[in-house]
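Down below is the structure, laid out as structure tokens.
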Amino acid sequence: MDGRIVWHDLMTPDAARARDFYGGLFGWSVKETDMPAAEGKYWVISSGSDAIGGFVPFTQHPPHWIGYVAVDDVDATVKRALAAGGTAPVPGMDVPGIGRFAVLLDPTGACIQAWRSKDGDADRPPRPGTFCWDQLLTHDPDACVAFYTKVFPWTTKTLEAGGQSYTVFACGDGREVAGVLPMPPDAGAPPHWLSYVAVEGVDAATAKVAKLGGRTWCPPTDLAGIGRFSVNADAQGAMFALFRAAHA
């Protein structure tokens, strides 16, 4: 379904170190392969039998996760992004035999990718060890909501969570796929997308983070009626969150 976030890449200078961290935390297996769209290597991440993302060798910016939004037409999506005030550092590139993607920056500088698969993307419900949510943290939520609803087939609704407004993005079938939160004025990080991984127990998984060389920025916290989460960084500083739904 167009508008789903279907894949996640970790941009990292050390894929072997990332493999050890995330393998220890989630039990992910990692397979090294040639990068089909450029010179170099790509490491495909699998949770059980499901491929869910990859590690990309990257040294130009600090390590970070980036999500892929499924779209009908990558090039048309890029045109909409540019018209809406964004930029496209990679305006469109084919992955031979697999699909086409583009790297987009919203008006506040947060990064996301548009993706069109050659054969379609599997539609699987989240389970422990897989990505379950993505959240945009930004200094200008209104500008970002205006941007993303012009670029992707997303509608919005506003909720109250933890005493502040929370905007939820939904794709065409009404499925909620991502959210937006305002960053505090003194936040030390630039606007960015934060990817959430479902786990059986947030507290136990969070305790593993430090043992594996990572760091916890927000300890396990309950969201009434929603679930429990923590925000962490891996051993190289890439941010991610852990989550267990209240109904799980």
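Atoms considered below: every heavy atom in the structure, side chains included; atoms not considered: hydrogens, waters and symmetry mates. Heads up: numbering here begins at 1 and tracks the sequence. A quick note: this is a predicted structure, and the numbers were derived from the prediction, not measured.
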Least distance between heavy atoms, F21 atom then V209 atom = CE1-O, 3.8 Å

Does some side-chain heavy atom of T12 sit less than 4.5 Å from a side-chain heavy atom of V56?
-> no

Stepwise salt bridge (charged side-chain N to carboxylate O under 4.0 Å, His left out) test for R17 and D234 | CA-CA 10 Å; R17 192 176 177 193; D234 67 22; over 6 Å; no

Does any non-hydrogen side-chain atom of R127 lie less than 4.5 Å from one of S47?
-> yes

For the atom pair CZ (F240) and OG (S195), what is the distance rounded to the nearest 0.5 Å?
-> 10.5 Å

Backbone N or O of P62 within a donor-acceptor pair of the H64 side chain at under 3.5 Å?
-> yes

If you look at every heavy atom in S117 and G120, which pair is closest and at what distance?
-> OG-N, 3.1 Å

Shared hydrophobic cluster, V197 / W217 (ILVMFWY, side-chain heavy atoms < 4.5 Å) | no

Shortest non-hydrogen pair, F131 vs P126, comes out as O-CB, 4.1 Å

Is there a side-chain contact between C171 and P153, using heavy atoms and a 4.5 Å cut-off?
-> no

Test: D123 and R175 ion pair at under 4.0 Å | yes

Aromatic plane relationship, Y196 with F229 - under 30° parallel, 30 to 60° tilted, over 60° perpendicular = tilted

Please tabulate, one pair per line, all N/O donor-acceptor pairs under 3.5 Å involving side-chain atoms of residues 23-32, not counting sequence neighbours.
| residue | atom | partner | partner atom | Å |
| --- | --- | --- | --- | --- |
| W28 | NE1 | G129 | O | 2.7 |
| E32 | OE1 | W43 | NE1 | 3.4 |

For the residue pair W7 and Y68, does the interplanar ring angle fall in the parallel (under 30°), tilted (30 to 60°) or perpendicular (over 60°) class?
-> perpendicular

So, does S46 use its side chain to make a donor-acceptor pair with the main chain of G48 at under 3.5 Å?
-> no

Between T138 and D140, a side-chain donor and acceptor under 3.5 Å | no

If we ignore angles and hydrogens, is there a donor and acceptor under 3.5 Å between the side chains of T77 and R80?
-> yes

Separation of M183 CE from H192 NE2 (nearest 0.5 Å) | 5.5 Å

Where do Y166 and G179 come nearest, in terms of heavy atoms and distance?
-> OH-CA, 3.4 Å

Shared hydrophobic cluster for F101 and F58 (ILVMFWY, side-chain gaps under 4.5 Å) | yes

Measure across S230 and P220 and return the closest heavy-atom pair with its distance rounded to 0.1 Å.
-> CB-N, 3.8 Å

Check against ring pair (Phe, Tyr, Trp, His ring centres under 6.0 Å), W65 and Y22 = CA-CA 13 Å; W65 284 98; Y22 290 103; 5.4 Å; yes

Measure the shortest side-chain to side-chain distance between T149 and T155 over non-hydrogen atoms and say whether it is less than 4.5 angstrom.
-> no

For the atom pair CG (D106) and CG (L136), what is the distance rounded to the nearest 0.5 Å?
-> 6.0 Å

With side chains defined as the heavy atoms from C-beta onward, is the minimum distance between T108 and C144 less than 4.5 Å?
-> yes

Mind checking side-chain hydrogen bond (donor to acceptor under 3.5 Å, both in side chains) for T216 and listing every partner two or more places apart, or none if nothing turns up?
-> N232

Test item: R244 side-chain N/O and R228 main-chain N/O as donor-acceptor pair under 3.5 Å | no

So if you build clusters from Ile, Leu, Val, Met, Phe, Trp, Tyr with side-chain heavy-atom gaps below 4.5 Å, do V180 and W133 land together?
-> no

Is L159 linked to F169 within one hydrophobic cluster, defined over Ile, Leu, Val, Met, Phe, Trp and Tyr using a side-chain heavy-atom separation of less than 4.5 Å?
-> no

Relative to each other, are the rings of W154 and F152 parallel, tilted or perpendicular (30° and 60° limits)?
-> tilted

Identify the heavy atoms of I112 and G67 that sit nearest to each other, and give their distance.
-> CG1-O, 3.5 Å

Would you say D14's side chain and A16's backbone share a donor-acceptor pair under 3.5 angstrom?
-> yes

Does some side-chain heavy atom of T87 sit less than 4.5 Å from a side-chain heavy atom of P89?
-> yes

Starting from the C-alpha separation in whole Å, work towards a yes-or-no answer on side-chain contact (heavy atoms from CB on, under 4.5 Å) for Y42 and V44.
-> CA-CA 6 Å; Y42 184 80; V44 177; 3.8 Å; yes

Any chance you could lay out the side-chain contact (heavy atoms from CB on, under 4.5 Å) test for Q113 and L104, step after step, and finish with the verdict?
-> CA-CA 6 Å; Q113 297 201 50; L104 308 175; over 6 Å; no

Do the side chain of D9 and the main chain of G54 share a donor and acceptor less than 3.5 angstrom apart?
-> yes

Look at the side-chain heavy atoms of Ile, Leu, Val, Met, Phe, Trp and Tyr, link any pair under 4.5 Å apart, and say whether L137 and Y148 land in one connected group.
-> no

Heavy-atom check, side chain of F55 versus side chain of M11, under 4.5 Å | no

Only one of V74, V69, D121, V71 passes side chain to side chain contact (heavy atoms under 4.5 Å, CB included) with W115; say which it is.
-> D121

D75 versus R100: any side-chain heavy-atom pair under 4.5 Å?
-> yes

Under the side-chain hydrogen bond (donor to acceptor under 3.5 Å, both in side chains) test, residues paired with H8 that sit two or more places apart = D134

Spacing of Q135 atom CD and L181 atom CG [to the nearest 0.5 Å] | 4.0 Å

side-chain contact (heavy atoms from CB on, under 4.5 Å) between T33 and K41, worked out | CA-CA 6 Å; T33 184; K41 297 293 183 178; over 6 Å; no

